[in-house]
Amino acid sequence: MSFLVALGSGDPDPWVEQFRALLPDHQIVKLGDSYDPAGVEFAMTWYHPPGSLAVYPHLKAVFSMGAGVDHLFRDPNLPDVPMARVVDPDLTNRMSEYVVLHALSVMRQTRRYRDQQNQKLWLDDDWQPAASDVRVGVMGMGVLGSDAAHKLQLIGFDVAGWSRSKKTLDGIETFAGEAELSAFLARTDILVVLLPLTDDTRGIINAKLLKSLAHDGRVPAPSLINAGRGNLQIETDILACLDDGTLHEVVLDVFQIEPLPQNSPLWTHPRVTVTPHNASVSDPMAVARAIAAQVRRVEQGEALLNTVSRARGY
Ligand code: NAP
Ligand code: GLV
């Protein structure tokens, strides 16, 4: 029996090496190798070429290499087998590091002090808010969003979360669905986006939504941190909102087109931070371990964990 590493981008070899160590009773193969398609029972994918998973008659499960699964649904010939995504403390912690780092950086104005330092400028006129005065709203209160929300709360931020279904979390105000979106946005100074990309969420970070964030004078203007997916956002709207004062600062790890094109004004905007989709990378050591444990579950007749719903798209 074989385990297929099906990467559309990136180096498959570190993954092959990990899976060989973790699943020694499986033949570990990668796209382009020569192997018997009938032997392939499991596949791990990241942006596999559409159609490339349709040729394995005995495939039992497909694993996303990351937490996101929108790359799976690009494939109109996705095999009709159970699919699972990565849920692992390593991935979760990395994302929370990113969110806490940038929420603190926005609040403590590190961008402004870097500029002042470059000019050797010592100003005595500044005021620093306490974290408890800054309202962070996390859109997407799943595995990553709820951990980030919890860690932001430990720092002292006034945290709320928005998701499809209602959550009950100690000390975190929760909002759910379309009906409660406006109330959530109206109490948000820093918006953190950790939604999956689905038909319902595509383009959700647009001018209308950004203008609905809190504009009640608690902070100069609200800020945005998106580490979910690039196609959640309309980048021309974000730029317009920065320029008309609707937004103060923007931190983006994900973009409508990746890599971010050289001519994107986001690269050089003075109040935009660009990171290259690495808020939380899938570390082969940690993630292969989590996927190998899932393979063992299937082999022992247990149900897959962290399954993906085709109907919901995440
Ligand atoms: P998850 O556990 O599936 O959580 C998704 C959350 O979004 C859930 O709370 C869900 O609501 C909510 N949601 C989905 N559709 C919604 C809608 N239409 N309206 C309101 N809420 C909605 O996913 P996760 O593990 O936290 O990961 C989230 C995303 O992060 C991934 O899909 C991926 O795109 C992104 N990501 C990015 C990086 C990076 O490096 N930049 C790394 C990893 C992941 P319910 O709770 O009600 O279902
Ligand atoms: C990364 O973007 C992931 O979805 O894990």
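All ligand and atom numbering here is 1-based and tracks the order in the structure.
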- Message: Out of all atoms in ligand 1, which are within 4.0 Å of some heavy atom of Lys167? Include the element for each.
- Response: 45 (P), 46 (O), 47 (O)
- Message: So if I count the atoms of ligand 1 from 1 in the order they appear, which ones are less than 4.0 Å from some heavy atom of Met95?
- Response: 37 (C), 38 (C), 39 (C), 41 (N), 42 (C)
- protein heavy-atom neighbour closest to atom 11 (O) of ligand 1 works out as Arg164 N, 3.2 Å
- Is Asp253 touching ligand 1 with its side chain, its backbone, both, or neither, if touching means heavy atoms under 4.0 Å apart? side chain
- Message: Please check this pair: side chain of Arg187 against backbone of Val136, looking for a donor-acceptor N/O pair closer than 3.5 Å.
- Response: yes
- Counting from 1, what ligand 1 atoms have a heavy atom of Ser280 closer than 4.0 Å? 39 (C), 40 (O), 42 (C)
- Task: Assess Gly228 for proximity to ligand 1: is some non-hydrogen atom of it under 4.0 Å away?
- Result: yes
- Side-chain ion pair, Asp90 and Arg94, N-O less than 4.0 Å: yes
- Query: For ligand 1, which atoms, with element, lie under 4.0 Å from some heavy atom of Ala227?
  - Reply: 35 (C), 36 (N), 37 (C), 38 (C), 39 (C), 41 (N)
- Query: What about Asp200: any of its N or O atoms under 3.5 Å from an N or O on ligand 1?
  - Reply: no
- Under a heavy-atom criterion of less than 4.0 Å, does Leu194 contact ligand 1? yes
- Task: Measure the distance from atom 7 (O) of ligand 1 to every protein heavy atom, then report the residue, atom name and distance (to 0.1 Å) of the closest one.
- Result: Pro196 CD, 3.3 Å
- Item | Part of Arg229 with heavy atoms under 4.0 Å of ligand 2, whether side chain, backbone, both or neither | side chain
- Non-hydrogen atoms of Met65 versus ligand 2: any pair closer than 4.0 Å? no
- Note on the structure: So the atoms of ligand 1 within less than 4.0 Å of a heavy atom of Ala67 turn out to be 25 (O), 43 (C), 44 (C)
- Task: Taking only heavy atoms of Arg229 into account, list the atoms of ligand 1 that are under 4.0 Å away from them.
- Result: 33 (C), 34 (O), 35 (C), 36 (N), 37 (C)
- For the side chain of Ser264 and the backbone of Pro261, is there at least one donor-acceptor N/O pair under 3.5 Å apart? no
- Query: What protein heavy atom sits nearest atom 13 (N) of ligand 1, and how far off is it?
  - Reply: Leu195 CD2, 3.7 Å
- Task: Just jot down the ligand 1 atoms closer than 4.0 angstrom to any heavy atom of Arg85, in number order.
- Result: 1 (P), 2 (O), 3 (O), 23 (O), 24 (P), 25 (O)
- Closest non-hydrogen protein atom to atom 48 (O) of ligand 1, residue and atom name please, with distance? Tyr314 OH, 2.6 Å
- Message: Which residue and atom name correspond to the protein heavy atom nearest atom 5 (O) of ligand 2, and how close is it?
- Response: Ala67 N, 2.7 Å
- In ligand 1, which numbered atoms sit nearer than 4.0 Å to a non-hydrogen atom of Gly142? 1 (P), 2 (O), 4 (O), 6 (C), 8 (C), 9 (O), 26 (O)
- Query: Which residue owns the protein heavy atom closest to atom 26 (O) of ligand 1, what's the atom, and how far is it?
  - Reply: Leu144 N, 2.9 Å
- Please verify whether a non-hydrogen atom of Leu197 lies at under 4.0 Å from ligand 1. no
- Message: Using heavy atoms and a 4.0 Å limit, tell me yes or no: is Tyr98 in contact with ligand 1?
- Response: no
- Give a yes/no on ligand 1: does Met139 have at least one heavy atom closer than 4.0 angstrom to it? no
